Amino acid sequence: MSSKTGIEQLRAIEEQFDRECRAVSDARVLEDIRNRYLSRKSGVLTTELQNLKSLPPDRRAEFGKLANELKVKIESAIEALEASIQEREKRSALEREALDITLPGNRRTIGHRHPLTIVKKEIEDIFISMGYKVEDGPEVESAFYNFDALNIPASHPARDPRDTFYVSEDLLLRTHTSPVQVRTMEKINPPVRIICPGRVFRRDAFDPTHSPMFHQVECLLVDEGITFADLKGTLELFHKRFFGEKAKTRLRPSFFPFVEPGAEVDVSCVFCDGSGCRICKSTGWIEVMGSGMVHPHLYKSVNYDAEKYTGFAVGGGIERYAMLKYNINDLQLYFQNDWRFLEQF
């Protein structure tokens, strides 16, 4: 091969490369061009460089210079085309994946408050509006606060392990929220005006009206000159605000160890407005809670002067109030996490 022939071949390779570069459309075609010209084994330019040793010594320098310049040109051109193709593909991808932020989005499903939470909050708001404070206490309680301080004797059936969950001989899962009343009276002097909502535990079987875990709310008012009339007036006002102005309240004599006198509290049936129906067993009334004047024996545990102070206490189940408010006939629905039930609230 003469020097002239080799140089002419380099010019021909350059012209061919320029034509092919102008027709490059994607990265695959560009990679084919790279291999065709620069492949170490069979590249067009690589083959020409391998023929360098067959040239006369005085022609090798010129040929080698031109060959290296062409190699640099081809490599630079391929790099530039590669960058251009990548940028074009990037812009194309961005256009395909672009989001129109002016379009309305997909609304995520918003969770619902549990019906017991709704009713608990409503009860709290009603009593807070009447000047009461919300107090809380431990769910694992001592026998003293759960029974002794509330005038419940050792022989009372509620203290039997068949009715109460005992953690140890003296510790148990509280069976009512009344211990919070005692703990609060230990801390502050009268006047005391509190409500105590919270979870309680009893050895009850699962059925539509019973559960071993449920929720109670209790109310306590202790001050000078508190009478049974204050108890009745408070209950009437609460029920009118909770069930509506048509709601009526009735008290029936009953016995509870921690109050004297005691009374069961009925509210006019919210389903028939007191006219009588299947739910109220045609009586027009539904039992909702227990109540009474605080027993003087309780004041001894907290060092209150029973001659000076009087008070009343009431307590009822939050599940019971929610069942009446929303016409729910199975207490177990509260604890089954059935979305079809919960999404109604």
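All values derive from a computational prediction rather than experimental measurement. Only this structure's heavy atoms are used, side chains among them; waters, hydrogens and symmetry mates stay out.
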Apply the test side chain to side chain donor-acceptor pair (under 3.5 Å) to residues Arg88 and Ser92: give CA-CA distance (whole Å), side-chain angles for both, the deciding distance (0.1 Å), then the verdict. CA-CA 6 Å; Arg88 186 168 65 245; Ser92 178; over 6 Å; no

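- Ring geometry for Phe341 versus Phe345: interplanar angle over 60°, hence perpendicular rather than tilted (30 to 60°).
- Within the 3.5 Å criterion, the main-chain N or O of Ile226 finds a donor-acceptor partner in the side chain of Thr310.
- Here Tyr132 contributes atom OH and Thr234 contributes atom OG1; the two are 4.0 Å apart, rounded to the nearest 0.5 Å.
- Both Ile318 and Leu342 are assigned to one and the same hydrophobic cluster, defined by single-linkage of ILVMFWY side chains at heavy-atom distances under 4.5 Å.
- Here Glu236 does not pair with Lys240 in a salt bridge; the nearest charged N to carboxylate O distance is not below 4.0 Å.
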Going through the distances and angles, do Arg183 and Glu141 end up as a side chain to side chain contact (heavy atoms under 4.5 Å, CB included)? CA-CA 11 Å; Arg183 289 179 175 275; Glu141 190 57 273; 2.6 Å; yes

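- A distance-only check finds a donor-acceptor pair linking the side chain of Asn151 to the backbone of Pro257 [under 3.5 Å].
- In terms of modelled atom types and a separation under 3.5 Å, the side chain of Tyr334 and the main chain of Glu319 share a donor-acceptor contact.
- Contact between Ala322 and Ile328 at its shortest, heavy atoms only, is O-CD1, 4.2 Å.
- Aromatic ring centres of Tyr321 and Phe242: separated by under 6.0 Å.
- The minimum heavy-atom distance between Cys277 and Phe271, with the atom names listed, is SG-CB, 4.3 Å.
- Taken to the nearest 0.5 Å, the CG atom of Leu94 stands 9.0 Å off from the CZ atom of Arg96.
- Linking ILVMFWY side-chain heavy atoms closer than 4.5 Å, directly or via other members, places Tyr304 and Leu150 in a single hydrophobic cluster.
- Taking OG of Ser268 as the start and CD1 of Ile286 as the end, the distance is 8.5 Å to the nearest 0.5 Å.
- Among all heavy-atom pairs drawn from Tyr299 and Tyr309, the shortest one is CE1-O, 3.6 Å.
- Between the Arg320 side chain and the Met289 main chain, no donor and acceptor come within less than 3.5 Å of each other.
- Taking the six-membered ring for Trp and the full ring otherwise, the centers of Phe312 and Phe228 sit at least 6.0 Å from each other.
- Without hydrogens or angle criteria, Glu20 side chain to Glu15 main chain gives no donor-acceptor distance under 3.5 Å.
- For Glu169, the CD atom is loosely surrounded, since the number of other residues' heavy atoms within 6.0 Å does not exceed 12.
- Salt bridge annotation for Glu87-Arg91: present, with a cationic side-chain nitrogen under 4.0 angstrom from a carboxylate oxygen.
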For the pair Gln336 and Leu333, evaluate side chain to side chain contact (heavy atoms under 4.5 Å, CB included) and give the outcome as yes or no after the intermediate values. CA-CA 5 Å; Gln336 292 172 348; Leu333 290 171; 3.8 Å; yes

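- Tracing side-chain contacts under 4.5 Å through hydrophobic residues (I, L, V, M, F, W, Y), one never reaches Tyr145 starting from Val140; they form parts of separate clusters.
- Ring geometry for Phe147 versus His176: interplanar angle of 30 to 60°, hence tilted.
- Annotation: salt bridge (charged side-chain N to carboxylate O under 4.0 Å, His left out) contacts involving residues 254-268, sequence neighbours excluded, comprise Arg250-Asp266, Arg252-Asp266.
- Going from atom OG of Ser155 over to atom CG of Asp160 covers 11.5 Å, rounded to the nearest 0.5 Å.
- The two residues Gly131 and Arg193 make their nearest non-hydrogen contact at O-CD, 3.0 Å.
- No donor-acceptor pair under 3.5 Å is formed between the side chain of Thr249 and the backbone N or O of Val265.
- The shortest heavy-atom contact between Val267 and Ala247 is CG2-CB, 4.3 Å.
- A side chain to side chain donor-acceptor pair (under 3.5 Å) with Arg159 holds for exactly one of Asp148, Thr164, Asn146; it is Asp148.
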Verdict with reasoning, Phe206 to Ser211, per side chain to side chain contact (heavy atoms under 4.5 Å, CB included): CA-CA 5 Å; Phe206 289 100; Ser211 171; 4.1 Å; yes

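- Leu221 and Phe256 sit in two unconnected hydrophobic clusters of ILVMFWY residues. Membership requires side-chain heavy atoms under 4.5 Å apart, directly or through other members.
- For Arg202 and Asp204, the salt-bridge test fails: no basic side-chain N is under 4.0 Å from an acidic carboxylate O.
- Open room surrounds NZ on Lys248; 12 or fewer heavy atoms of other groups in view lie less than 6.0 Å from it.
- By the criterion of side-chain heavy atoms lying less than 4.5 angstrom apart, applied directly or through intervening Ile, Leu, Val, Met, Phe, Trp or Tyr residues, Ile123 is not grouped with Ile194; the two fall into different hydrophobic clusters.
- Taking all atoms of both residues into account, the shortest heavy-atom contact from Val314 to Ser291 is CG1-CB, 3.3 Å.
- Panel note: side chain Gln344, backbone Arg340; a donor-acceptor pair is recorded below 3.5 Å.
- The backbone N or O of Pro161 sits less than 3.5 Å from a side-chain atom of Arg203, completing a donor-acceptor pair.
- For the atom pair CG (Asp125) and CZ (Arg241), the distance works out to 11.0 Å, reported to the nearest 0.5 Å.
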Could you please spell out the steps behind the side chain to side chain contact (heavy atoms under 4.5 Å, CB included) verdict for Thr177 and Val217? CA-CA 7 Å; Thr177 53; Val217 59; over 6 Å; no

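- With values rounded to the nearest 0.5 angstrom, Gln16 atom CD is found 10.5 Å from Cys21 atom SG.
- Between the side chain of Asn35 and the backbone N or O of Glu31 there is at least one donor-acceptor pair closer than 3.5 Å.
- Residue Glu307 qualifies as open at atom CD: its count of foreign heavy atoms under 6.0 Å is 12 or below.
- Side-chain atoms of Thr283 come within 3.5 Å of backbone atoms of Cys280 as a donor-acceptor pair (strictly under, hydrogens ignored).
- Each of Glu186, Glu218, Glu135 was scored for a side chain to side chain donor-acceptor pair (under 3.5 Å) with Gln181, with one residue passing: Glu218.
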